[in-house]
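Below is one structure; the comments refer to it alone.
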Amino acid sequence: MKVLFVCAGGMSSAIVVNALKKEGQKHDLNLEVLAVGTQEFDSEVRNGWDVAMVAPQVKHRFDGFKQSADEIGVPCQVIPPQAYSPLGGPTLLKLVNELLEK
């Protein structure tokens, strides 16, 4: 499963990527997770991703990200702020699963 995460950069992206990968390992899932900046999203989302997630820090640009993702059928959603908490992994994996069911 391939998860694309668009963010503003910095440590928050590393927290999300690591939390999601670790949670995936707990459930024997082979997750590929990539964090990209806002400028790279439009071109990167076209490279075969299953799900796109948007950091709360850039949610003001969500409509543009969602439009790009919708054009190619990739479900896209803003992650909740609690994804940065100690329970971030389960929260993120639940969101990924919900997006895949849409």
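The first residue of the sequence shown is numbered 1, and numbering continues consecutively from there.
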Going by heavy atoms in the side chains, are [X] and [Y] under 4.5 Å from each other?
X: Pro80; Y: Thr91; answer: yes
X: Gln82; Y: Leu87; answer: no
X: Glu44; Y: Leu4; answer: yes

Quick one: do [X] and [Y] end up in the same hydrophobic cluster if we chain Ile, Leu, Val, Met, Phe, Trp and Tyr together by side-chain heavy atoms under 4.5 Å apart?
X: Val3; Y: Tyr84; value: yes
X: Leu34; Y: Leu92; value: no
X: Leu100; Y: Val6; value: no
X: Phe41; Y: Val33; value: no
X: Val51; Y: Val78; value: no

Grab the two heavy atoms, one from [X] and one from [Y], that are nearest each other, plus how far apart they are.
X: Glu23; Y: Pro90; result: OE1-CD, 3.5 Å
X: Leu29; Y: Met1; result: CD1-CE, 4.4 Å
X: Ala52; Y: Leu99; result: O-CD1, 4.1 Å
X: Phe5; Y: Ile79; result: CE1-CD1, 3.7 Å
X: Phe62; Y: Gln77; result: CE1-CA, 3.7 Å
X: Leu20; Y: Val96; result: CD2-CG2, 4.2 Å

Nearest-0.5 Å distance that lies between atom [atom1] in [X] and atom [atom2] in [Y]:
X: Asp50; Y: Glu32; atom1: CG; atom2: CD; answer: 9.5 Å
X: Glu98; Y: Lys94; atom1: CD; atom2: NZ; answer: 5.0 Å
X: Thr38; Y: Phe65; atom1: OG1; atom2: CZ; answer: 5.5 Å

Do Gln67 and Asp70 have side-chain N/O donor and acceptor atoms under 3.5 Å apart? no
Output, in order, the C-alpha distance, side-chain angles, deciding distance and verdict of side chain to side chain contact (heavy atoms under 4.5 Å, CB included) for Glu71 and Val45. CA-CA 10 Å; Glu71 285 175 9; Val45 75; over 6 Å; no
Please confirm whether the backbone N or O of Asn47 pairs with a side-chain atom of Lys2, one donor and one acceptor, at under 3.5 Å? yes
